[in-house]
There are 2 protein chains.
Amino acid sequence: MTETTRRERLRAETEREILHQARALLVGGGREAVTLRAIARELGITAPALYRYYDSREDLLQRMCDDICGDLAAELSADLATMSAQDTIGQVFAVCRGFRHWALAHPQEFALVFGSPDLVTTSCADGEANRATHDPFGRIFLTVAGRVLATHRIEPPADSAVPRQLHTDLVTFRDSLIAAMAEQGIAIPTDVLSLGTVFFMLQFWVRLYGHVALEVFGCFPFAVSDPEPLFDSMLADLAAEVGLVSGN
Amino acid sequence: MTETTRRERLRAETEREILHQARALLVGGGREAVTLRAIARELGITAPALYRYYDSREDLLQRMCDDICGDLAAELSADLATMSAQDTIGQVFAVCRGFRHWALAHPQEFALVFGSPDLVTTSCADGEANRATHDPFGRIFLTVAGRVLATHRIEPPADSAVPRQLHTDLVTFRDSLIAAMAEQGIAIPTDVLSLGTVFFMLQFWVRLYGHVALEVFGCFPFAVSDPEPLFDSMLADLAAEVGLVSGN
DNA sequence: ACGTTCGGTGAACGGTGTTTACAGAGTTGA
DNA sequence: TCAACTCTGTAAACACCGTTCACCGAACGT
């Protein structure tokens, strides 16, 4: 079907199985438990055979990162598919809540992809500037954000309120953002993507990621028996900050 | 001096050296590089000897967490000592900036203490409810926050704006907060520690931790060449949100 | 002075990543 | 069809890891 020769089919199958077992080990015992020998054992082969598929353990972990990102993106996409296409604000909220739920349900995966100081995920690694427009998970965020911008007038911070040192970075991001949006058939008038708007998107992500990381890593200053209301109040704050009402 | 017998002195010395070398390995190669054999090699002893000091590698890592927290607290305390005792708001800002700078300068330590899904640091492990009032780093935050509350009138969110589900947790935290403050000689009238105030402190920490974690883990959606203005604008936002002006 | 405790060693066990030489099946082309 | 070649696997080996065990000598309390 998808592949021509028989060898290629078997190889793809094995590759899938390797990643699958690696994920199971990650979930069960964290990053340190993802062992070449353990993976091989589960597959009924020997450890050196894995070197036909990956350069090293580190390389395998890297590929697993991409795999995880893809799964997360797929899960969020599935959630979105069940929603009204009209309610673009609701879609943003759904993606945010979906991200949180995924992270809480998959703490080890989250720690690997979003909580490792060294490997910067490098992802596609073609350009270097923007991650979000390339990695499949980031694209979902930008898509729903773009749909809101295309359907609602928001009240972003004034451009004058954006720290000067961020200007060039924000402009660069805005450009690749418009390009990525256009690729998905979402036309954003360049004037609604003001510097203040892009700045707000950055702040939005900082707070979203921050809350989720805090919760996954259990770094609350005291025991919070149910952090969900805190999360929801943060989302409401963010929406209110730019004059969005969840109703319409 | 501090210890009576000669054996105790030597033991304390060795214990210090173990943690010191373990830290060096952590900084150089992350958690996985902290190896009993490598530590022993640096000390000129054999690996099994370390079991006279720690139950296991995991136990050693745990102690190292506490050690790191202590160092962070010491560094922040030193910063505070150079500041005017009057400018309590400036002290809060200094602690926040100090936390960020420490995290960026010590990413591996940060990842170990503030970015591990499994071991919840357990820290003192006596009570279970509140972490901040026990661990030395949390106490610094609470101290400077307490000083602001004792010297300034702030405009916290109304109690009615606090999600109902958080009430009991917040009340519990407030009580242990007042107790911890009193221990340090800071008297907080219980009426300034409204539910809204404690809620704001929680939100404050979420945003502070969130930004720092994001930066350490490099999870920006695009390349931000200098994130410091973003951090500073967040601090200004937080202060403005409760009506604090940095001047007085 | 004696027995005990403490901090250290060396050998061993099973597990790990990685390299090397080698074997066999799948594929390709004359 | 058959030879050349590529691809996927193996087995052995190396160096390293955490951990346990038996043992030893110096420091310690009585």
Side-chain angles (χ1 to χ4, degrees), chain A residues 1-65 108 112 116 118-119, chain B residues 1-65 108 112 116 118-119:
Chain A
M1 296 289 182
T2 56
E3 307 292 345
T4 53
T5 126
R6 159 172 173 168
R7 261 222 286 246
E8 278 169 347
R9 246 182 305 120
L10 288 181
R11 183 182 176 85
E13 170 85 14
T14 308
E15 208 154 349
R16 249 191 317 269
E17 261 185 83
I18 292 173
L19 252 38
H20 183 258
Q21 293 296 345
R23 282 283 279 281
L25 290 167
L26 177 70
V27 170
R31 182 194 167 105
E32 310 204 354
V34 181
T35 278
L36 294 188
R37 289 192 138 101
I39 297 171
R41 213 177 296 133
E42 299 294 326
L43 293 199
I45 61 178
T46 62
L50 295 174
Y51 282 82
R52 301 297 176 190
Y53 298 86
Y54 304 96
D55 289 345
S56 65
R57 174 173 182 262
E58 217 53 39
D59 182 37
L60 189 153
L61 287 172
Q62 179 64 47
R63 310 273 194 106
M64 198 164 55
C65 279
Q108 302 289 2
L112 183 66
S116 297
D118 14 64
L119 63 144
Chain B
M1 293 286 188
T2 56
E3 307 292 344
T4 53
T5 124
R6 158 171 174 173
R7 262 223 285 244
E8 278 169 347
R9 246 182 306 120
L10 289 182
R11 182 182 178 87
E13 171 85 13
T14 307
E15 207 154 350
R16 249 191 316 270
E17 261 185 84
I18 292 173
L19 283 167
H20 183 260
Q21 293 296 345
R23 283 283 280 279
L25 289 167
L26 177 71
V27 169
R31 183 195 166 104
E32 311 204 354
V34 181
T35 277
L36 295 187
R37 288 191 139 99
I39 297 171
R41 213 177 297 132
E42 299 295 325
L43 292 199
I45 61 178
T46 62
L50 295 174
Y51 282 82
R52 302 295 178 192
Y53 297 86
Y54 303 98
D55 288 344
S56 67
R57 173 174 182 264
E58 217 53 40
D59 183 36
L60 189 152
L61 286 172
Q62 180 63 49
R63 310 273 193 107
M64 197 163 55
C65 279
Q108 302 290 2
L112 182 68
S116 298
D118 14 64
L119 62 142

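Since we're looking at a predicted model, the values are computed, not measured. Letters A, B, ... mirror the listed sequences (proteins, then strands); counts begin at 1.
- With rounding to whole Å, Arg52(B) atom CZ is found 14 Å from dC23(D) atom P.
- Under the 4.0 Å criterion applied to side-chain N and carboxylate O atoms, Glu58(B) and Arg31(B) are assigned as salt-bridge partners.
- In this structure, CZ of Arg11(B) is placed 14 Å from C1' of dA27(D), rounded to the nearest angstrom.
- Going from atom CG of Leu50(B) over to atom C1' of dT20(D) covers 14 Å, rounded to whole Å.
- Checked for salt-bridge contact, Arg23(A) and Glu17(A) miss the test: no charged N lies under 4.0 Å from a carboxylate O.
- At a threshold of 4.5 Å between non-hydrogen side-chain atoms, the residues Leu19(B) and Tyr54(B) count as touching.
- Counting only heavy atoms from C-beta on, Tyr53(A) has its side chain closest to dG9(D) among dA12(D), dG9(D), dA13(D).
- Look at CD1 on Ile45(A): it is 8 Å from C1' on dG9(D), rounded to the nearest Å.
- First and last contacts of DNA chain C with chain B, using any nucleotide atom under 4.0 Å from a protein heavy atom and ordered 5' to 3', fall at dT5(C) to dA12(C).
- Atom CG of Leu10(B) is separated from atom C1' of dC28(D) by 13 Å (rounded to the nearest Å).
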From CA spacing to verdict: salt bridge (Lys or Arg N to Asp or Glu O under 4.0 Å), Glu13(B), Arg16(B): CA-CA 5 Å; Glu13(B) 171 85 13; Arg16(B) 249 191 316 270; 3.3 Å; yes
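- Atoms CG (Leu43(A)) and P (dT8(D)) sit 15 Å apart, rounded to a whole Å.
- Contact between Leu50(B) and Leu36(B) at its shortest, heavy atoms only, is CD1-O, 3.2 Å.
- Each of dC23(D), dT10(D), dT20(D) was ranked by its minimum atom distance to the side chain of Tyr51(B); first place goes to dT20(D).
- When rounded to the nearest whole Å, the span between CD1 of Ile39(A) and P of dG9(D) equals 14 Å.
- Both Thr14(A) and Thr35(B) lie near DNA chain D, and the one whose nearest nucleotide falls closer to the 5' end is Thr14(A).
- Between Leu26(A) and Leu112(A) there is a side-chain heavy-atom pair separated by less than 4.5 Å.
- In this structure, Thr46(A) reaches the dT10(D) phosphate: one of its side-chain N or O atoms is under 4.0 Å from OP1 or OP2.
- Atom CG in Leu36(B) sits about 13 Å away from atom C1' in dC16(D), given to the nearest Å.
- Between Ala47(B) and Arg37(B) the shortest heavy-atom distance is CB-CG, 3.8 Å.
- Here Arg57(A) lies in heavy-atom contact (under 4.0 Å) with sugar-phosphate atoms only.
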